Amino acid sequence: MAKVRGAIVVDVERCKGCEICIGSCPTDVLRMSVDVNGKGYHYAYMENPEACTGCVNCATVCPDTVITVYRIKVPS
Amino acid sequence: MAELRIEDIIKPENIVFKKTKLFTDKPLSYCPGCGHGVVHRLVLEVIEEMGIEAETIGIAPVGCSVLAYEFMNIDMVQAPHGRAPALATGIKRIHTEKFVFTYQGDGDLAAIGTAETIHACNRGENIAIIFINNGIYGMTGGQMAPTTLPGMQSSTSPYGRDVETMGHPMKITELVSNLPGTRFVARHAVHTPALVRKTKKAIRKAFENQKENKGLSFVEVVSNCNSGWKMSPVESNKWLAENMLPFYELGTLKDE
Ligand SMILES: Cc1ncc(C[n+]2csc(CCOP(=O)(O)OP(=O)(O)O)c2C)c(N)n1
Ligand code: SF4
C-alpha cells in the first residue's frame, strides 16, 4: 500500500505567531520557533517533519495563508 | 529505498495547497489569529474556483475589514458604516449579471446597518451577505455590540452584559431567515479545519445562488476577536466554542 508523506513551507516573514495551526495538526508536526521574524513574531515550523501527511489542516485554519502544503505518495 | 528527503517532497508538482492568486501582495492588517483572514481567503477561493473574478463586485464595510479591498484583488467598493447592503442593491440592480457580495462585521450589519440589512433581505435582493460575528466592535476597541452574549465583558460592559439594562443579544441571522426575501441562510464558524471546509461550501452556495435570481443568501460566520476579548488566539477559539456556539448554533437555517 502506498504511504503518504507531506511537508509544509511557512512564509516566515508573514507568520504572525498565532499558534492556531499547532493544535489543528493531527500528527503533532508543528511547533513555534524560538527565533522571531522581522516583525518580532515566533513562527511555525515542522518539528517532526516525518509525521506530516500533507492533510492541509494547518493551512486551512491559518488566518494569514502563510502555509503552502506539499504531498506525495511513497511506495512502501 | 533511500531515505526520503524533505526537498524531494517540496517540489512544485507536489503542491496540494497554496495561497489563492486573488489575494493581493499586501499583508493582512488583522491581529494574529483573527478569523477575518480565514473568511477573506474562503471568499477569494470560491471566486477563483468559480472563475468569476472578473464578474464579481464586493462591498467592504466599516470595521476591521474596512480595508478588505486592499487585500482582495477583485473589483470592490467600500460603504459607509452599515450601508453595504444598500450599496450592493444599487450595484446589483444596474449590473444584474455580476456577482455582488457584502462583507460585514456585527457592529456594521447588526447595529448601525440594521435597517439596510433587514430591508435588503426583505426585498430579496440577489446578493450574498457574508457576516462576521465576533460579538463585539473590534476595530474601535471592543465595545459591546448587539451580538455580545449575556454576561460577556466588553469595554462598554466591563462587568458583563446585563440583559436587564443593556438588552438581549440579537440573533439577526434567525431574524432574516424569517423574511420571505431570503433564500439561503446559514451560520458557520472557522476555528477548526472541518468547520472551515463547511463555511466554504456555504459561501460557494451563496455565490452560486446568484445565478438563479431567487433571493438573498446570508452566511454568518461566528468568529473570534482575540484582541477585543483580551485572550490569546488559541484561548479565544476555545472560548468561542464553549460560549458563542451554544448561543449561536451552527447550521443551515433556510435553503429554498
Ligand atoms: C456611522 C458611524 N458610526 C460609528 C463609526 C465608528 N466605527 C468604526 S468601526 C466600528 C465598529 C465595527 O465593528 P464590527 O462591525 O463588529 O466589525 P469588527 O471591527 O469587529 O470586524 C465603529 C463603531 C463609524 N465609522 N461610522
Ligand atoms: S481587533 Fe478583533 S476583529 Fe479586529 S483584526 Fe483584531 S482580532 Fe480581528
Side-chain angles (χ1 to χ4, degrees), chain A residues 2-27 29-30 32 36-76, chain B residues 1-23 25-42 44-45 71 189-200 223-224 226-227 231-238 240-241:
Chain A
K3 214 179 128 205
V4 180
R5 279 284 307 270
I8 64 155
V9 172
V10 175
D11 185 344
V12 167
E13 285 307 316
R14 294 245 176 151
C15 178
K16 294 178 183 163
C18 73
E19 303 187 15
I20 291 173
C21 56
I22 308 271
S24 77
C25 175
T27 52
V29 170
L30 306 172
M32 298 310 290
V36 291
N37 64 16
K39 292 250 192 283
Y41 294 122
H42 301 285
Y43 47 88
Y45 75 99
M46 290 197 291
E47 168 69 17
N48 309 306
E50 40 326 299
C52 178
T53 60
C55 74
V56 190
N57 270 8
C58 55
T60 304
V61 292
C62 175
D64 291 271
T65 323
V66 304
I67 301 176
T68 306
V69 186
Y70 300 79
R71 191 195 303 140
I72 58 167
K73 278 196 187 129
V74 276
S76 53
Chain B
M1 198 186 90
E3 194 53 37
L4 189 69
R5 294 170 312 152
I6 297 295
E7 301 83 79
D8 300 326
I9 307 174
I10 299 174
K11 287 183 177 165
E13 63 268 31
N14 299 332
I15 289 181
V16 285
F17 177 87
K18 69 173 197 284
K19 191 171 184 164
T20 158
K21 65 177 189 334
L22 294 186
F23 265 124
D25 280 338
K26 294 216 168 86
L28 300 183
S29 52
Y30 306 109
C31 303
C34 175
H36 270 307
V38 179
V39 186
H40 277 32
R41 191 188 82 229
L42 297 181
L44 293 179
E45 283 178 356
F71 313 126
V190 290
H191 57 286
T192 70
L195 292 173
V196 173
R197 291 180 188 117
K198 281 191 187 164
T199 305
K200 184 170 172 182
S223 185
N224 61 357
N226 46 83
S227 295
M231 297 175 196
S232 74
V234 171
E235 279 165 8
S236 74
N237 279 347
K238 189 164 175 273
L240 181 157

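Residue numbers start from 1 in every chain, and the chains themselves are labelled A, B, ... in the order their sequence lines are given, proteins ahead of strands. Every value quoted in this text rests on a predicted model; they were computed, and no experiment measured them.
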Exercise. Is the closest side-chain heavy-atom distance between Val39(B) and Ser223(B) below 4.5 Å?
Worked result: no
Problem set entry | Under 4.5 Å from a heavy atom of chain A, the part of Lys200(B) involved | neither
For this session: Check the angle between the aromatic planes of Phe71(B) and His40(B) and answer parallel, tilted or perpendicular using the 30° and 60° thresholds.
Result: tilted
Problem set entry | Backbone of Val29(A) reached by a side-chain donor or acceptor of Thr27(A) within 3.5 Å | no
For this session: Mark yes or no for whether Asn237(B), through its side chain, and Val234(B), through its backbone, hold a donor-acceptor pair below 3.5 Å.
Result: no
Result block: side-chain N/O donor-acceptor pairs under 3.5 angstrom for residues 45-52 of chain A, not counting sequence neighbours:
unit_1	atom_1	unit_2	atom_2	d
Tyr45(A)	OH	Glu47(A)	OE1	2.6
Asn48(A)	ND2	Asp28(A)	O	2.6

Exercise. Quick one: what part of Val61(A) sits under 4.5 Å from any heavy atom of chain B, side chain, backbone, both or neither?
Worked result: both
Exercise. Any idea which of Val196(B), Ile6(B), Ile10(B) has the most non-hydrogen atom pairs under 4.5 angstrom with chain A?
Worked result: Ile10(B)
Exercise. Which region of His36(B), side chain (C-beta onward) or backbone (N, CA, C, O), has a non-hydrogen atom less than 4.5 Å from a non-hydrogen atom of chain A, or is it both or neither?
Worked result: neither
Seminar exercise, completed: The interface call for Arg14(A) against chain B, heavy-atom contacts under 4.5 Å, is side chain
Exercise. Can you say whether Cys21(A) sits under 4.5 Å from chain B via the side chain, the backbone, both, or neither, judging by heavy atoms?
Worked result: neither
For this session: Measure distances from Ile22(A) to the heavy atoms of chain B and classify the residue's part below 4.5 Å as side chain, backbone, both or neither.
Result: neither
For this session: To the nearest 0.5 angstrom, please state how far the CD1 atom of Ile67(A) sits from the CG atom of Asn57(A).
Result: 10.5 Å
Exercise. For the candidates Arg41(B), Lys18(B), Arg197(B), Lys19(B), which exhibits the highest count of non-hydrogen atom pairs separated by less than 4.5 Å from chain A?
Worked result: Arg41(B)
Exercise. Do any N or O atoms from the side chain of Thr53(A) and from the backbone of Gly6(A) form a donor-acceptor pair under 3.5 angstrom?
Worked result: no
For this session: Count the heavy-atom pairs under 4.5 Å between each of Val69(A), Ile72(A), Val56(A), Thr68(A) and chain B, then report the option with the highest count.
Result: Val69(A)
